[in-house]
Amino acid sequence: MSFDVAQVRAEFPILQRTVNGHPLIYLDSGASAQKPRSVIDCIARYYREQHANIHRGVHHLSQQATQAYEDAREKIRCFINARHAHEVLFTKGTTDGINLVAAAFGRKFLGAGDQIIISTMEHHSNIVPWQMICEQTGAMLKIIPINQRGELLMDDYESMLGERTKLIAVAHVSNSLGTINPVTEIIKLAHQRGIPVLLDGAQTVPHMRVDVQALDVDFFAFSGHKLFGPTGVGILYGKQALLNDMPPYQGGGDMIERVTFEKTTYNTLPHKFEAGTPNIVGGIGLGAAVDFVSQYDEREIVAHEQDILEYATQKLTDIDGVKIVGTAANKASVISFLLDGAHPFDVGTILDQQGIAVRTGHHCTQPLMDFYGIPGTARASFALYNNRADVDALVAGVRRAAAMLL
């Protein structure tokens with residue numbers, strides 16, 4: 001299907017509403033994207049016509065729900081080009097996927113003096129789980145520095161790699177800066193030394209297609225709600241050999257083969273890491289979101305979003321007192337900015353009064369804000385449904401905020 005932003009916008013019912021008497025201008029997709037009608041209808045249809053628990057029932061509804069859930073897993077396998085469907089684990093989201101790796105990989109492979117490498121620009125969900133497992137195992141965190149533009153210092157990264165380095169865990173795309181990190185090089189340098197790599201792909205999959213086999217990445221985590229799907233569901237891709245070597249993350253139903261009071265044996269992949277009744281409708285809804293995105297040419301989405309990003313960057317830069325934080329040469333659809341002398345919360349409040357939704361604060365990247373010496377920013381994050389008119393409204397709103405606050 002050819003990409004027509006007007007037609008795309010028509011697929012998102014919420015974009016037709018007003019906020020504070022103004023048409024909604026939604027520029028907070030980096031926090032959570034809106035949902036197309038096809039995903040909403042899929043969720044409603046599941047609860048209306050086919051809800052039952054999965055994997056355990058011989059009755060018709062259970063079989064139907066199980067098939068829909070596993071069909072969604074296969075859609076996601078194709079979407080990221082995993083080799084096997086059992087390498088695609090359903091989780092609660094990116095945070096849950098990273099915690100799964102930290103706990104399960106950490107218990108098996110980390111010991112005192114071992115090292116995990118992350119970067120300065122990581123989301124808290126790719127910092128705190130590693131701090132927790134380091135406290136438990138005696139391992140240590142090492143941090144890749146960045147420059148003022150928000151780009152990784154790759155020479156420093158390479159020099160950190162050593163015999164005690166057990167895992168690299170970095171964002172593919174920064175949620176605060178929009179920086180697209182050189183993950184191909186990161187993975188190549190790590191694999192030359194036999195070190196596995198986890199990518200936080202939460203900000204990647206809404207904007208560009210990912211081929212996990214081409215990247216040769218070991219773990220890749222992302223969230224459904226940023227990919228136009230439901231909240232409370234996500235994906236952890238992991239290479240089969242690593243997942244087989246890792247112990248279960250949680251115990252309970254469906255992740256077992258045989259339970260006695262003396263010993264339990266575990267189920268095969270992917271069920272070993274999917275304890276309990278899962279978010280069934282979330283998985284099916286994520287499959288519908290993948291269907292929605294997959295109908296468009298990736299190159300057209302990228303070109304459209306880059307046009308919006310460049311247009312917004314130019315227009316905001318023209319406003320006296322505006323400073324953009326994060327000016328990497330390779331960026332996705334995020335602009336974090338400051339209005340000189342104004343608190344980001346005040347800017348966000350004035351924009352909200354005009355129906356413009358942006359994110360304000362530290363964006364769960366407090367160490368990154370510390371690097372820049374600021375408490376936070378206002379952040380406009382774009383998706384495939386945004387257009388230049390949205391940018392024009394943002395620019396007019398920021399100008400109004402400047403007139404009121406400066």
Side-chain angles (χ1 to χ4, degrees), residues 51-74 76-77 82-112 114 116 125 128-139 166-167 169 196 198 212 218-224 232-284 286-287:
H51 172 67
N53 214 328
I54 61 173
H55 295 154
R56 302 165 194 162
V58 296
H59 64 82
H60 178 73
L61 285 181
S62 179
Q63 293 290 308
Q64 193 176 39
T66 297
Q67 187 64 53
Y69 190 72
E70 292 304 328
D71 285 349
R73 193 192 306 272
E74 175 61 19
I76 295 158
R77 183 202 70 77
R83 188 180 302 274
H84 305 291
H86 57 250
E87 295 177 314
V88 175
L89 311 181
F90 281 110
T91 65
K92 291 184 295 184
T94 308
T95 299
D96 189 39
I98 294 171
N99 274 273
L100 188 162
V101 177
F105 182 92
R107 282 162 53 196
K108 180 68 179 284
F109 296 109
L110 291 180
D114 288 336
I116 301 161
S125 62
V128 180
W130 306 114
Q131 291 175 327
M132 293 169 65
I133 197 64
C134 284
E135 290 173 358
Q136 296 170 30
T137 63
K166 299 299 183 180
L167 185 74
L198 177 148
V212 294
D218 302 280
F219 301 103
F220 187 87
F222 66 92
S223 300
V233 67
I235 294 296
L236 175 68
Y237 159 81
K239 287 183 177 177
Q240 175 179 287
L242 277 167
L243 293 177
N244 278 329
D245 280 348
M246 289 157 50
Y249 175 43
Q250 296 176 316
D254 217 29
M255 52 75 67
I256 55 86
E257 181 182 68
R258 168 74 175 151
V259 176
T260 69
F261 286 120
E262 292 72 35
K263 182 176 176 60
T264 292
T265 55
Y266 303 126
N267 207 340
T268 56
L269 297 175
H271 311 294
K272 183 174 81 167
F273 291 104
E274 295 181 353
T277 298
N279 183 356
I280 303 168
V281 71
I284 294 170
L286 180 53

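Keep in mind that this is a model prediction, so the values were computed, not measured.
For the pair Leu198 and Phe220, the minimum side-chain heavy-atom distance is 4.5 Å or more. You'll find the side chain of Tyr266 reaches within 4.5 Å of the side chain of Met255, heavy atoms only. Between Lys239 and Pro196 there is no side-chain heavy-atom pair separated by less than 4.5 Å. Between Gln63 and His60 the shortest side-chain heavy-atom distance does not fall below 4.5 Å.
Put simply, the side chain of Arg258 never gets that close to the backbone of Thr265: no donor and acceptor are under 3.5 Å apart. Proximity of a side-chain donor or acceptor of Arg77 to a complementary backbone N or O of Val88 within less than 3.5 Å is not detected. Distance alone, capped at 3.5 Å, is enough to place a donor-acceptor pair between the Asn279 side chain and the Gly232 backbone. Looking only at distances, no side-chain donor or acceptor of Ser62 sits under 3.5 Å from a matching main-chain atom of Val58.
Here the straight-line distance linking atom CG of Leu236 with atom OH of Tyr249 works out to 10.5 Å at 0.5 Å rounding. Separation of atoms CG (Asp71) and CD1 (Ile76) is listed at 11.0 Å; rounding is to 0.5 Å. Put simply, CD1 on Ile54 and CG on Asp254 are 7.0 Å apart, with the number rounded to the nearest 0.5 Å. One finds the CG atom of Asn53 at 3.5 Å from the OG1 atom of Thr277 (value rounded to the nearest 0.5 Å). Atoms NZ and OG, from Lys92 and Ser223 in turn, are 11.5 Å apart once rounded to the nearest 0.5 Å. Atom NZ of Lys272 sits about 5.5 Å away from atom CG of Asn244, to the nearest 0.5 Å.
A pairwise comparison of heavy atoms in Tyr69 and Pro278 identifies OH-CB, 3.3 Å as the closest pair. Leu89 and Pro270 get closest at one heavy-atom pair: CD2-CB, 3.5 Å. Of all the heavy atoms in Leu243 and Phe219, the pair that sits closest is CD2-CE2, 4.2 Å. Smallest separation of non-hydrogen atoms from Gly252 and Ala275: N-CB, 4.1 Å. Between Ala221 and Ile98, the shortest heavy-atom distance links the atoms CB-CG1, 4.4 Å. Scanning both residues, Gly283 and Phe90, for their nearest heavy atoms gives CA-CE2, 3.7 Å.
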Take Arg83 and Gln240 through the test side chain to side chain contact (heavy atoms under 4.5 Å, CB included) and record every step on the way to the result. CA-CA 9 Å; Arg83 188 180 302 274; Gln240 175 179 287; over 6 Å; no
Derivation and outcome, side chain to side chain contact (heavy atoms under 4.5 Å, CB included), residues Glu87 and Leu269: CA-CA 7 Å; Glu87 295 177 314; Leu269 297 175; 5.8 Å; no
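Within 6.0 Å of CZ on Arg56 lie more than 12 heavy atoms contributed by other residues, nucleotides or ligands.
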Extract all donor-acceptor atom pairs below 3.5 Å that involve side chains of residues 100-112 and protein atoms in other chains or at least two apart in sequence.
| from | atom 1 | to | atom 2 | distance (Å) |
| --- | --- | --- | --- | --- |
| Arg107 | NH1 | Pro248 | O | 2.9 |
| Lys108 | NZ | Asp245 | O | 2.8 |

